[in-house]
Amino acid sequence: MKEIIVNRESDGQKAEKFVRKWLSEAPLSIVFKAFRKKDVKVNGHWVRREDIVHEGDAVRVYLTDEQLADFARPRPAQKRDLGLPIAYEDDNVLIVDKPAGLLTMGDNKGSTNTLAQRVLDYLYFKGEFDPEHPTFVPSPAHRLDRNTAGLVCFGKTDSGLKALEEVFKERKEITKRYLALVKGSFERSLEISVPLKKDSRKGLVEACSIVNGGKPALTIVRPVENFIGFSLVECELLTGRTHQIRVHLAHVEHPIVGDGKYGDFETNRLFEKRYGWKGQFLRAYKLTFGALKGILSPLSGQSFASPLSKKEEELLAELRNKGE
């Protein structure tokens, strides 16, 4: 068992986030299991993952001394430049353009080649993060799937992260738009309002009714360009469910090209064979902020874009040529 007192920098965090930061090298499965088995207590009382901890709280995690020593060691970090496009940076916020194929954060397999780790290396390189004495670990305010490219916002400070997380949670002063290449022709805008339910055991999300456990999900899809048999569309997320765009587009029979979970496998094989294309064509290409106050005020009214990659542009060019 190990006890740690919550400091001022961690005041107001969710219990899961606090424990994950403290046990920085623990796989997510270990952290989730500790909460599930009621091995995490605050001030002597069992807590849930979503419960909030406050300055002065005593957090106890009931793991073996060997596990605690292994999981609580500082995150390994090396001083190196980010090597990825930066859309925006100030003292509290960093917006990075993530490539497809890179995890945003570690998974239950203990992956360390992640965007989050690269950001820590970059901030260590700049002298803005000390992995040996971390009072706060810079983290993403939201996630993108491994195979989704595009913009990810990081909080460089605890106050910056909390403010970003609130903006993404409330969704009143931020607009998130994605570009996707889908099967079929899109002639007009479409509003997809279909509840979604996540099956954590299978790692899949399915469309279902509210009565059967679905949560409200709303996506607006607008046509950008039509090709023979395929379309480039813009998707605006009005809710933030896991795999929302992918499941919604598949539900209306316009699956994303290259989507290995919800896509059309015959189409995926065709694109791989004919164009050498692998992976889903989905990019979080634009973030627009509204009227923000306080620590995020520098972002007010600003819009940031993630340009299509060379590979994506080449694929679209081939589809255009096919139609000429």
Side-chain angles (χ1 to χ4, degrees), residues 13-17 20 28-29 31-38 40 45-52 104-105 107-108 140-148 150 164-223 231 233-268 280-282 284:
Q13 289 185 354
K14 290 183 179 180
E16 177 196 331
K17 181 178 178 182
R20 285 176 58 186
L28 289 179
S29 58
V31 175
F32 293 164
K33 183 178 180 180
F35 279 97
R36 190 169 61 251
K37 293 182 64 179
K38 301 185 179 181
V40 180
H45 301 284
W46 166 73
V47 294
R48 298 166 299 179
R49 287 160 47 186
E50 64 270 22
D51 288 342
I52 303 299
T104 302
M105 295 186 70
D107 56 13
N108 57 12
H142 61 115
R143 296 192 188 196
L144 292 181
D145 294 340
R146 180 201 291 266
N147 292 318
T148 300
L164 280 172
E165 289 177 333
E166 186 66 19
V167 168
F168 277 93
K169 178 182 177 181
E170 294 297 327
R171 298 182 174 275
K172 294 179 180 178
E173 299 297 339
I174 188 170
T175 301
K176 298 163 62 179
R177 290 187 171 92
Y178 293 67
L179 285 177
L181 181 65
V182 302
K183 181 181 179 182
S185 178
F186 249 98
E187 301 296 338
R188 58 184 178 81
S189 297
L190 177 66
E191 184 176 291
I192 307 174
S193 180
V194 178
L196 301 177
K197 180 180 180 180
K198 182 179 180 181
D199 187 332
S200 299
R201 293 172 300 175
K202 296 180 180 179
L204 292 171
V205 175
E206 61 180 6
C208 70
S209 66
I210 297 291
V211 175
N212 291 322
K215 295 183 177 181
L218 179 60
T219 306
I220 296 176
V221 186
R222 304 180 181 95
S231 302
V233 298
E234 178 191 81
C235 303
E236 181 179 347
L237 281 179
L238 298 183
T239 53
R241 306 302 176 196
T242 301
H243 299 172
Q244 178 175 320
I245 292 175
R246 297 164 64 188
V247 179
H248 270 177
L249 287 171
H251 182 74
V252 296
E253 300 182 351
H254 290 287
I256 296 175
V257 168
D259 189 337
K261 278 191 174 181
Y262 309 103
D264 181 88
F265 299 144
E266 184 177 342
T267 297
N268 295 349
Q280 64 194 26
F281 195 121
L282 179 62

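Residue numbers count from 1 along this sequence. On a predicted model such as this, the values are computed, not experimentally measured, just so you know.
Under the side chain to side chain contact (heavy atoms under 4.5 Å, CB included) criterion, Lys183 pairs with Phe230, Pro255, Asp264, Thr267, sequence neighbours left out. Partners of Ala15 under the side chain to side chain contact (heavy atoms under 4.5 Å, CB included) rule, at least two apart in sequence or in another chain, are Phe35, Val47, Val53. Partners of Phe281 under the ring-ring contact (aromatic ring centres under 6.0 Å, His included) rule, at least two apart in sequence or in another chain, are Trp277. Taking Glu165 as the reference, Lys17 meet the side-chain hydrogen bond (donor to acceptor under 3.5 Å, both in side chains) condition, with sequence neighbours excluded. For Lys37, the side chain to side chain contact (heavy atoms under 4.5 Å, CB included) partners at least two apart in sequence or on another chain are Lys33, Asp39. Evaluation of the side chain to side chain contact (heavy atoms under 4.5 Å, CB included) rule for Val194 yields Ile192, Ala207, His248, His251 as partners, not counting sequence neighbours. For Lys176, the side-chain hydrogen bond (donor to acceptor under 3.5 Å, both in side chains) test picks out no residue, with sequence neighbours left out. Taking Glu187 as the reference, nothing meets the salt bridge (Lys or Arg N to Asp or Glu O under 4.0 Å) condition, with sequence neighbours excluded.
Among residue pairs with one or both ends in residues 188-199, none qualify as side-chain hydrogen bond (donor to acceptor under 3.5 Å, both in side chains); sequence neighbours excluded. The salt bridge (charged side-chain N to carboxylate O under 4.0 Å, His left out) analysis of residues 251-263, with sequence neighbours excluded, yields the pairs Arg246-Asp259. Residue pairs meeting the ring-ring contact (aromatic ring centres under 6.0 Å, His included) criterion with at least one member in residues 179-199, sequence neighbours excluded, are Phe186-His254.
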Check against side-chain contact (heavy atoms from CB on, under 4.5 Å), Val221 and Glu234:
CA-CA 6 Å; Val221 186; Glu234 178 191 81; over 6 Å; no
Give the C-alpha distance, both sets of side-chain angles, the deciding distance and a yes or no for side-chain contact (heavy atoms from CB on, under 4.5 Å) between Leu282 and Leu144.
CA-CA 10 Å; Leu282 179 62; Leu144 292 181; over 6 Å; no
Only pairs under 3.5 Å count here: list side-chain donor-acceptor contacts from residues 235-242, not counting sequence neighbours, and write none if there are none.
unit_1 : atom_1 : unit_2 : atom_2 : d
Glu236 : OE1    : Arg222 : NH1    : 3.1
Glu236 : OE1    : Arg222 : NH2    : 2.8
Thr239 : OG1    : Leu218 : N      : 2.9
Thr239 : OG1    : Gln244 : OE1    : 2.8
Thr239 : OG1    : Gln244 : NE2    : 3.2
Arg241 : NE     : Pro216 : O      : 2.8
Arg241 : NH2    : Pro216 : O      : 3.2

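Under 4.0 Å is where a charged nitrogen must lie from a carboxylate oxygen, and between Glu50 and Arg48 at least one such pair does.
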